[in-house]
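Here's the structure, in structure tokens; my notes come after.
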Amino acid sequence: MLDIHWLHTFVTLARLQHFGQTATELHMTQPNVSLHLKNLEQATRVKLIERSPFRLTQAGERLLQSAERAIAELQLCQSDLNALNQLSQGTLAIAASDIISRLLLIQPFQRFKQEFPGIDLTLFNTTSDQAAELVKAGKADLGFVMAQKRSEPLFYTELQQVTWCALGHGLARWQARAKAGESDPLDEPTLILLGHDTRTRALIDPSLPLLGLPSCRIMEVGSVDAQLDWAEAGFGVAIVPDFSIHPRLKLTAPVTRLTDFPGTSLGYVVRQNQVLSRAIKQLLHWVEQEIQRPAPLPDTGA
């Protein structure tokens, strides 16, 4: 019989390809990592890795595929068992981007800790694509995402429609200059956008011509938080989702709603047929209340 702990050590070792790093990640000693591998090789009666240089043998590659599936299935099973048992102790893992977690999850998380003190919340700060992958793999119980792509293993529920805003000075001036056919290399527009590894760029980029700007520079940053900070500092105009223009942030730069841009949606994903515990259902209820609470901001122009 193959021990699940041995398999978990083997999968981590195959990913990191380093005994010391594996020991650190798993909070083990390096000799114990070696012992788990030795026990696994004795139980399977095959050699699983070559050490110098590190590589998996053909048998190791085959076992890795089965081990990853087995561990994922056990994680999914444990998640459902916890839900059926109305989990009151343990960990609830949530995946969301920085801006979603900062604006929509802080107060629901505070209420959750009061209602369910025995459950620890783990938050993965990530992109929508990565959040969906974490839920699919059973590493997160719940993921908050934008513009969810159709994905068979996941069930998506929309929480609100998202429109786009421009934050920053100069947009109206640049648009008027472009309309008049004027150009000024010293006053070339700068648009502050997310990097291309995020899902929102696929939505925003085709719509940029609707702004009616002259040729402009693109400044790529890694998060919506960074977009807001750079726009507030006067480095250009940030194209951001409307829920990020939140009264709590006390932004001072002008806001223009981009009504011509196609909207998208914000919601959450869980696995198909996943059993939702009372704790998860209650957390989702508080998040829905948080989304409905902020009043819409007026268009301040640019």
- prompt: Is it the case that one hydrophobic cluster holds both Leu92 and Leu284, taking links as side-chain heavy atoms less than 4.5 Å apart, direct or via other members?
  reply: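 Same hydrophobic cluster.
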
query: Going only through I, L, V, M, F, W and Y residues with side-chain contacts under 4.5 Å, is there a path from Leu56 to Val46?
result: yes

task: Report yes if the side chains of Ser97 and Val224 come closer than 4.5 Å at any heavy-atom pair, otherwise no.
output: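 Heavy-atom side-chain distance check fails, nothing below 4.5 Å.
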
To the nearest 0.5 Å, what is the distance between [atom1] ([X]) and [atom2] ([Y])?
X      : Y      : atom1 : atom2 : value
Thr9   : Asn32  : OG1   : CG    : 8.5 Å
Lys113 : Gln110 : NZ    : CD    : 12.0 Å
Ser101 : Asp225 : OG    : CG    : 8.0 Å
Gln161 : Thr264 : CD    : OG1   : 7.0 Å
Trp6   : Leu35  : CH2   : CG    : 8.5 Å
Arg111 : His285 : CZ    : NE2   : 7.0 Å

Determine yes or no for a side-chain-to-main-chain donor-acceptor pair under 3.5 angstrom, with [X] supplying the side chain and [Y] the backbone.
X      : Y      : result
Thr163 : Asp242 : no
Glu290 : Leu104 : no
Tyr156 : Gly267 : yes
Trp164 : Pro262 : yes
Gln175 : Gly212 : no

How close do [X] and [Y] get, heavy atom to heavy atom, and via which atoms?
X      : Y      : value
Gly143 : Val135 : N-CG2, 3.5 Å
Glu188 : Arg177 : CA-NH2, 4.3 Å
Ala67  : Val11  : CB-CG2, 3.6 Å
Val237 : Ala166 : CG1-CB, 3.7 Å
His8   : Leu26  : NE2-CD2, 3.6 Å

field: Enclosure of Lys179 NZ (heavy-atom neighbours >12, cutoff 6.0 Å)
entry: no

- request: List for me each residue that meets side-chain hydrogen bond (donor to acceptor under 3.5 Å, both in side chains) alongside Glu232, sequence neighbours excluded, and say none if there are none.
  value: Thr252

- prompt: Going by the side-chain hydrogen bond (donor to acceptor under 3.5 Å, both in side chains) test, which pairs reach into residues 48-59, not counting sequence neighbours?
  reply: Lys47-Glu50

message: What I want to find out is whether Lys136 reaches Glu133 closely enough, with some N-O distance under 4.0 Å, to be called a salt bridge.
response: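 The answer is yes: the pair qualifies as a salt bridge.
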
Arg201/Asp205 salt bridge by N-O under 4.0 Å criterion: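 Result for this pair is yes, salt bridge flagged.
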
message: Ring-plane angle category for Trp230 and Phe235, please: parallel below 30°, perpendicular beyond 60°, tilted otherwise.
response: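 Answer is perpendicular, since the angle exceeds 60°.
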
